[in-house]
Protein chains: 2
Amino acid sequence: MVENEAVAPGAGMALDISEQPAGYAALLDAAGAITPIAKAIAERAPKHVVFVARGTSDHAALYGLYLVETRLGISASLASPSTMTLYGARPDLSQALVVGVSQSGKSPDLVEVLRVARESGALTLAITNAPASELATVAELHIDVLSGHERAVAATKTYTGELLALLMLVEAVRSGTGVIEADERARLGALPQLAADTLADTGPTELADRYRYADRLVATGRGYAYATAKEAALKIIETSALSALAYSGADFLHGPVAVAGPKVPVFAVIGTGPGGKSMGDVLDKLASLSAEVVAVSPFEDPRASFRLWVPEVEERYSPLLDILPLQRLARAISLGRGGNPDAPQGLTKVTHTL
Amino acid sequence: MVENEAVAPGAGMALDISEQPAGYAALLDAAGAITPIAKAIAERAPKHVVFVARGTSDHAALYGLYLVETRLGISASLASPSTMTLYGARPDLSQALVVGVSQSGKSPDLVEVLRVARESGALTLAITNAPASELATVAELHIDVLSGHERAVAATKTYTGELLALLMLVEAVRSGTGVIEADERARLGALPQLAADTLADTGPTELADRYRYADRLVATGRGYAYATAKEAALKIIETSALSALAYSGADFLHGPVAVAGPKVPVFAVIGTGPGGKSMGDVLDKLASLSAEVVAVSPFEDPRASFRLWVPEVEERYSPLLDILPLQRLARAISLGRGGNPDAPQGLTKVTHTL
């Protein structure tokens, strides 16, 4: 691939990351495409929403789960595809909405789960960046996240595109009309500029050099911020081959906190709402273990040694902003170690597992 | 605690581990206690099973999810308690069975979820090692895993007690009568001896010394074996403060495989059925990255450098045996590094999070 070799390492990922504000604007402009899908879902009134996804898209699905349970009051879960694809389980999904989330729309196991679910009477929806993909085709409904071609293997703009698509969909279902309500539209409309402001901060590149020699780190967050912690850890693993553990704040205290200490930095995603407030126990515990804490937060906290600044927004919008400095940090750590975040060793864009 | 200080480090965990065959026998002898619970569940015919758990018990719940979907054909999920406890979500659970799994029965967030679920009309079940606990009391139904007092902070025998209780419950529901069918009872009856055989193998203690200087490792498995991989990683984290990542075989290939290489051993749990067979791709990939693979498997595989022997059983019984050498390995690594696996730094037996 001569084109890629001609450009500097990390140039592709930098472009992908930089395009996120414009990506938000494009998706918001296309809100009309979500209206008939939201109407179809509201009419079917599913009793349960099952998300099926892998890797980065699984973190978007986790965000979707929080939105569905807290904004729609419908129970939601992340499927374990292998019960169906490996063991032939055929649970009754006739009253469920089954949502496949995948950038490429090509994972055979997700295609199989959506096919089986649709046959069994479930309402099926695919959220992809590939409207001609098999996943988009096999599902009854499809939302295109409109992120455009992603250059780097590690997903960035397609992840946040999935987040925004899920948020817009849930708000459109919630309104009852399929059209997002005006005050919510106004808040969503602020996201492109907020994302641009977040990306203008120089914190992530300054901080990356500090972790050049780190072997391992932990990312943690609760509630809406848990998806961000998981995605940050995966991004650092993919680009820099560090061992990055991710835990919800609650699970972290249930055992894994044993790894924390002076040599293992902890990235704590601390938002404005109940999820952020509940991280107080985690910060106290980490302080007692002399762990170095990097807060991803709109607020200063004396228990954190460093802070990656993010805007203050209602908690459910935070995942669309909080991941941005962490994507940049992952890229910068990779470059600092002589890696190429655009094409990490051993990874390919689409993974075929059944 | 003078009693504990008088004994050798790791003596408590060794005893806990050694009591698992007898624990299986005791629980199997008490199968009659599960019959009325299985009948109550069969009569209610839940449309969905929601597990709620933290830490080690969450891995038992993951096993329960596979059992419920593949053996009962009912869709199952692991709850994210914080949607209810932090954000006040009240999803409709009136047609669900909500199962809280907790050794101590004391986690306030699980108690809260079961309380809310019961109020909303869900059938609720607690599986604990503490019949007088708040979780056992708040739930309509309760199964005591009968593991006796656990000495070490890191859970071992209470974990496998939860696994067996879940297996017995699912098989009792499956039979339709609340009584486990005779052929299944015979297979279950073999587990105490198989567990004793597994614990008699010297492999884990021999292998532990090899990883004395390791900083990080990965545990992976698919299907039923995924719970074992997650629990093995947590046990090593808790006792030895290594950074142990855990992934399903499918998710591992979607990005995290970037951490694999000559300096990061991979523990691959490879069973007899579809889950085990599907690990072939993972082993091929790891071989191409020169990663050292330790297979936890009844079979030799040329792609693995080492093997921890476990008996050949149908895949759904494997989690009750495959974790045993990994518990011993975790304990031995901790001792080799001068730690005390009975009381790792910074950990307590019960964690209070809301």
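The structure displayed is predicted, hence computed values, not measured ones. Letters A, B, ... are given to chains in the order of the sequence lines, protein chains preceding strands, and every chain is numbered from 1.
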Quick check for you: among [options], which has the greatest number of heavy-atom pairs under 4.5 Å with chain B?
options: Val264(A), Asp215(A), Val68(A); result: Asp215(A)
options: Phe252(A), Tyr226(A), Tyr66(A); result: Tyr66(A)
options: Thr83(A), Leu72(A), Leu242(A); result: Thr83(A)
options: Ser77(A), Ala76(A), Ala241(A); result: Ala241(A)

* Starting at CG of Leu253(B), measure out to CZ of Arg222(B) and round the result to the nearest 0.5 Å. => 8.5 Å
* Please state whether the side chain, the backbone, both or neither of Ala244(A) comes within less than 4.5 Å of a heavy atom of chain B. => backbone
Contact leader toward chain A among [options], where contacts are heavy-atom pairs under 4.5 Å:
options: Ser80(B), Gly273(B), Ser248(B); result: Ser80(B)
options: Ala233(B), Gly88(B), Ser288(B), Gly275(B); result: Gly275(B)
options: Leu234(B), Asp58(B), Leu245(B), Val218(B); result: Leu245(B)
options: Leu78(B), Thr70(B), Val282(B); result: Thr70(B)

Any chance the side chains of [X] and [Y] put a donor and an acceptor closer than 3.5 Å?
X: Thr239(B); Y: Ser334(B); answer: no
X: Glu150(B); Y: Thr158(B); answer: yes
X: Thr56(B); Y: Glu231(B); answer: yes

Donor-acceptor pair, side chain of [X] and main chain of [Y], under 3.5 angstrom:
X: Thr220(A); Y: Tyr247(A); result: yes
X: Asp251(A); Y: Arg54(B); result: no
X: Glu315(B); Y: Tyr224(B); result: no

* Side chain from CB out, backbone as N, CA, C, O: work out which of these in Ile74(B) comes under 4.5 Å of a heavy atom of chain A, or both, or neither. => backbone
